[in-house]
Amino acid sequence: MSATSAGVLMYRRTGNTLQVLLVHPGGPFWRRRDAGAWSIPKGLVEVGEDPATAAVRELREELGAAPPGPLVPLGRIRQRGGKEVIAFALEADFDPTALRSNTFTMEWPPRSGRMQSFPEVDRADWFDLETAREKILEAQRPLLERLQELPDCAS
């Protein structure tokens with residue numbers, strides 16, 4: 001059975017422009033990747049955990065903060081490899097320079113026997129929707145369309 005993740009697509013308005021907050025995965029694999037590598041902050045839903053609770057927890061772990069506000073369901077998507085993501089929209093603001101991500105440990109370089117720690121998220125930034133479509137993982141692009149369908153976000 002594939003894992004299920006939950007995440008938050010945070011958005012804000014700057015003048016007439018709708019912007020979304022995306023995060024860039026940390027670690028050596030993603031270091032030089034940009035277009036198609038960014039994601040919504042998300043992570044695994046624990047057994048018996050409410051997806052909305054998991055989404056807020058992951059927001060806190062990956063950003064270092066979880067801005068308050070009502071979560072609006074955006075539905076489910078399936079990523080490459082079969083992972084299902086349950087997403088929520090949240091209108092809020094976040095200063096990307098305040099990013100304080102949790103870390104993970106892995107052997108690096110491979111087969112070196114040396115363990116290194118890396119941030120789960122190495123960057124966060126706000127993007128207009130056109131730029132976000134280029135930056136976000138292909139499987140998560142429908143979340144941008146669903147966001148635009150919300151009454152508060154319709155153009």
Hphob cluster co-occupancy, I77 + L147, side-chain heavy atoms under 4.5 angstrom: yes
Residue set satisfying side-chain hydrogen bond (donor to acceptor under 3.5 Å, both in side chains) with R13, at least two apart, ordered chain then number -> E91
Hydrophobic cluster mates of M115, side-chain heavy atoms under 4.5 angstrom, ILVMFWY only, any path? none
Grouping I, L, V, M, F, W and Y whenever their side-chain heavy atoms are under 4.5 Å apart, do L144 and L59 come out in a common cluster? no
Can you measure from CD (Q116) to CE (M106) and round to the nearest 0.5 angstrom? 8.5 Å
Output the distance between atom CG (L150) and atom CG (L9), rounded to the nearest 0.5 Å. 9.0 Å
Begin with the C-alpha distance, continue with both residues' side-chain angles, and end with the deciding distance and a verdict on side chain to side chain contact (heavy atoms under 4.5 Å, CB included) for L143 and V20. CA-CA 11 Å; L143 299 176; V20 294; over 6 Å; no
Distance col, row E130:CD vs L18:CG, nearest 0.5 angstrom, shows 13.5 Å
Residue pairs passing the ring pair (Phe, Tyr, Trp, His ring centres under 6.0 Å) test with at least one member in residues 53-73, sequence neighbours excluded, are none
Nearest heavy-atom neighbours spanning P96 and D125: CG-CA, 4.1 Å
Is F88 linked to V23 within one hydrophobic cluster, defined over Ile, Leu, Val, Met, Phe, Trp and Tyr using a side-chain heavy-atom separation of less than 4.5 Å? yes
Identify the two heavy atoms, one from E107 and one from S112, that lie closest to each other, and give their separation to 0.1 Å. OE2-N, 3.0 Å
Taking all non-hydrogen atoms of both residues, which atom of V45 and which atom of S5 are closest, and how far apart? CG2-C, 3.8 Å
Please report the closest heavy-atom contact between P109 and R114, naming both atoms and the distance. CD-NH1, 4.5 Å
Hey, any chance V72 and L22 share a hydrophobic cluster, counting ILVMFWY side chains that come within less than 4.5 Å of each other, even indirectly? yes
Check whether any side-chain heavy atom of P142 sits under 4.5 Å from a side-chain heavy atom of L74, and report yes or no. no
Just how far is it from atom CG of D95 to atom CG of L63, taken to the nearest 0.5 Å? 11.0 Å
Tell me which pairs pass ring pair (Phe, Tyr, Trp, His ring centres under 6.0 Å) where either residue lies in residues 33-63, with sequence neighbours left out. H24-W38, W38-F127
Looking at A89 and Y11, what are the two nearest heavy atoms and their distance? CB-CE2, 4.0 Å
What is the distance from atom CD of E61 to atom OG1 of T103, rounded to the nearest 0.5 Å? 10.5 Å
Please report the interatomic distance CZ(R146) to CD(Q140), rounded to the nearest 0.5 Å. 11.0 Å
Are W126 and L99 linked, directly or through other ILVMFWY residues, by side chains that come within less than 4.5 angstrom of each other? yes
A124 and L21: which non-hydrogen atoms are nearest, and at how many Å? CB-CD1, 4.3 Å
Is there a donor-acceptor pair closer than 3.5 Å between any side-chain N or O of R141 and the backbone N or O of R133? yes
Walk me through whether K42 and E58 qualify under side chain to side chain contact (heavy atoms under 4.5 Å, CB included). CA-CA 5 Å; K42 64 173 183 45; E58 289 298 324; 5.5 Å; no
Can you pull the salt bridge (Lys or Arg N to Asp or Glu O under 4.0 Å) pairs that have at least one residue in residues 46-55, sequence neighbours excluded? E49-R57
ring-ring contact (aromatic ring centres under 6.0 Å, His included) involving F94 - partner list, sequence neighbours excluded: none
